[in-house]
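Each chain gets a letter, A, B and so on, in the order its sequence line appears, and its residues count up from 1.
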Amino acid sequence: MRLSRYFLPVLKETPNEAQIVSHRLMLRAGLIRQEAAGIYAWLPLGFRVLQKIEQIVREEMNRAGAIEILMPTLQPADLWRETGRYDAYGPEMLRIKDRQDRELVYGPTNEDMVTEIFRAYVHSYKALPLNLYHTQWKFRDEVRPRFGVMRGREFLMKDAYSFDLNKEGARRSYNRMYVAYLRAFSRMGLQTIPMRAETGPIGGDLSHEFIVLAETGESGVFCHKDLLDMPIPGADIDFDSDLEPIVSQRTKLYAATEDVHDQARFEREVPADKRLSARGIEVGQIFYFGTKYSVPMKAVVTGPDGRDVPIEGGSYGIGVSRLAGAIIEASHDDAGIIWPEGVAPFDIALINLKPGDAKVDAACEEIYAKLTAAKKDILYDDRDERAGAKFASMDLIGIPYQIVVGPRGLEKGLVEVKVRATGVKDEVPVESAVARFAKT
RNA sequence: CGGGGCGUAGCGCAGUCUGGUAGCGCAUCUGCUUUGGGAGCAGAGGGUCGCGUGUUCAAAUCACGCCGCCCCGACCA
């Protein structure tokens with residue numbers, strides 16, 4: 001993409017509504033535009049990041065055996081009356097009437113609807129386990145939206161729903177999501193720690209929040225430091241195998257958010273030098289809720305013994321739009337965003353320091369063409385701007401690598417390759433710059 | 001929803017207390033000079049001062065009402 005033809009409205013100054021660093025940087029780097037309290041438009045660069053995050057989540061969900069669908073944002077109110085949630089959900093749920101006076105809600109979540117879909121088609125235990133998911137916009141009319149996309153009212157969420165014949169099956173489904181989440185967040189450059197979470201009226205120990213440690217996190221968190229060094233399961237992990245060892249290796253160590261934190265137990269179970277008290281951002285939550293929806297909605301399957309049983313369910317959410325903010329909170333410096341490679345809007349920034357100079361233009365065009373042919377996404381700054389302005393905006397938008405091409409270096413046949421995260425710069429011949437990125 | 005704050009050009013702000021024909025910086029446009037870490041000079045364009053009602057000869061400024069946004073708390077992907 002040539003920057004001269006792109007739409008990248010970067011701001012030199014910070015709009016005064018933004019207080020936390022991720023919000024400030026998202027506005028300054030031209031990722032989002034606020035349209036109302038807690039409601040944002042995604043500009044080209046931000047939309048690319050959102051799509052990268054969504055795609056990683058999709059790949060890991062598919063790998064874990066979940067099946068993608070797409071449910072609507074608007075849902076009939078009657079569906080919510082079946083489970084009693086129409087009244088229970090409260091003013092956080094946006095209620096709408098259409099021209100025929102039919103009642104609709106803008107979905108804050110999809111347990112009711114997915115259960116409706118399930119019961120319409122699935123009647124045998126042989127079809128289980130089943131896990132259906134989608135990534136769709138949600139609306140929750142938060143009392144106090146804040147921190148940009150970190151706590152918006154409209155937000156993009158991946159939500160998955162598992163259906164199993166019994167508790168043992170549900171546990172296996174839960175474990176699959178647990179492992180898939182570890183992998184997904186890791187691919188986004190995030191270190192997450194699964195922590196025990198509130199489970200609601202169903203109880204049990206089957207709910208975890210996935211927490212990213214960050215100073216600006218909304219909740220206090222407490223855990224065993226060894227959780228920071230746990231290996232992430234590889235792409236070759238067999239999701240049909242028994243995942244319990246991977247899960248219990250973590251769950252046996254203390255980890256809790258302040259909501260469920262037990263200081264006495266923390267001190268009893270964790271040696272003093274292993275105790276970590278910090279702040280964190282919740283980027284995902286998984287939980288098992290049993291027959292909470294299947295009973296009222298009569299989502300039953302016929303078991304091997306010929307009797308109908310309500311399915312055992314779980315749901316699993318990832319805040320896709322929130323992740324864009326959370327990643328920035330976890331990865332930035334004074335100059336701007338530092339995108340991890342997996343979610344960067346472009347792979348490489350190509351900076352032409354002197355557009356109009358035949359040799360510099362030719363070198364840039366060659367690099368641009370070759371790396372594009374190598375399937376790299378390049379943001380080519382071909383604008384007629386001063387060098388300083390180009391460096392500053394590329395640092396701000398945080399593309400992981402910069403290739404800087406100017407007349408001074410080209411005299412010696414060299415271009416500069418800069419790593420955004422470390423600031424390390426190498427002067428290398430054009431061919432090696434291309435080779436360095438074309439091979440991976 | 002309780003408490004606090006803000007709304008003046010695309011962005012950041014001054015002007016409001018003490019009413020008198022709306023200003024600064026950045027950005028934008030034109031020209032010249034510059035050109036390896038957010039350039040300089042000269043010129044230009046851009047505002048029903050959030051909206052409404054009232055007070056007044058006169059309202060960004062005073063009064064009342066409304067709307068929007070931000071921050072702190074109670075609640076949540």
Colleague: Report yes or no: is the cationic atom of R48(A) (NZ for Lys, CZ for Arg) closer than 6.0 Å to the six-membered ring centre of F346(A), at no more than 45° off its axis?
Modeller: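 So R48(A) does make the cation-pi contact.
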Colleague: How many whole angstroms separate atom CZ of R153(A) from atom C1' of C69(B)?
Modeller: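 My rounded result for the distance is 11 Å.
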Colleague: Going by modelled atom types, is there a donor-acceptor pair between the base of G4(B) and the side chain of R144(A) at under 3.5 Å?
Modeller: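 When only heavy-atom distances are counted, R144(A) does not reach the base of G4(B) through any donor-acceptor pair under 3.5 Å.
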Colleague: Please state whether the base of G36(B) and the side chain of K418(A) form at least one donor-acceptor pair under 3.5 Å?
Modeller: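 By the distance-only test, no, there is no pair.
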Colleague: Any N or O donor-acceptor pair under 3.5 Å from the base of G25(B) to the side chain of E13(A)?
Modeller: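 Yes, a donor-acceptor pair under 3.5 Å.
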Colleague: A77(B) base stacked by F155(A)? Criteria: ring centres under 5.5 Å, plane angle under 30°.
Modeller: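 By the stated criterion, F155(A) and A77(B) stack.
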Colleague: Work out how far the P atom of C13(B) is from that of A9(B), and round it to whole angstrom.
Modeller: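 Rounded to whole Å, the distance is 12 Å.
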Colleague: Students often get this wrong, so: under 4.0 angstrom with heavy atoms, is T109(A) touching a base, only sugar-phosphate, or nothing?
Modeller: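 Since no nucleic acid heavy atom lies under 4.0 Å of T109(A), the category is nothing.
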Colleague: Applying a 3.5 Å limit to both distances, which nucleotide forms a Watson-Crick or G-U wobble pair with G73(B)?
Modeller: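 Paired with G73(B), as far as the under-3.5 Å criterion goes, is C1(B).
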Colleague: Centroid-to-centroid, Y174(A) to F287(A), below 6.0 Å?
Modeller: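 No, the ring of Y174(A) stays outside the 6.0 Å limit from the ring of F287(A), centre to centre.
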Colleague: Is NZ or CZ of R172(A) both nearer than 6.0 Å to the six-membered ring centre of F239(A) and within 45° of the ring axis?
Modeller: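 No, cation not above the ring by the 6.0 Å, 45° rule.
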Colleague: What is the base-pairing partner of C11(B), counting Watson-Crick and G-U wobble geometry with both distances under 3.5 Å?
Modeller: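 Base partner found: G25(B).
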Colleague: Scan every strand shown for a Watson-Crick or G-U wobble partner of U30(B), both distances under 3.5 Å, and answer none if you come up empty.
Modeller: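 A42(B) is the nucleotide pairing with U30(B).
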Colleague: Say you pick atom P in G47(B) and the same atom in G40(B); how far apart are they, in whole Å?
Modeller: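 Per the computed distance, 26 Å lies between those P atoms.
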Colleague: For Y293(A) and F118(A), I'd like to know if the aromatic rings sit close, meaning centre-to-centre distance below 6.0 Å.
Modeller: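 No, the ring centres sit 6.0 Å or more apart.
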Colleague: Please give the nucleotide sitting opposite G47(B) as a Watson-Crick or G-U wobble pair, both distances under 3.5 Å, or none.
Modeller: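 Paired with no nucleotide.
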Colleague: Could one point to a donor on the side chain of E416(A) or the base of G36(B) with an acceptor on the other under 3.5 Å away?
Modeller: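 Looking at the base of G36(B), it does pair with a donor or acceptor on the side chain of E416(A) (distance under 3.5 Å).
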Colleague: On a whole-Å scale, what distance lies between the P atoms belonging to A14(B) and C62(B)?
Modeller: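 The answer is 15 Å between these two P atoms.
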Colleague: Look through every strand shown and name the nucleotide pairing with A63(B) as Watson-Crick or G-U wobble, where both distances are under 3.5 Å.
Modeller: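 U53(B) is the nucleotide pairing with A63(B).
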Colleague: Between D381(A) (CG) and G37(B) (P), how many Å, whole number?
Modeller: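 Distance check: D381(A) CG to G37(B) P gives 15 Å.
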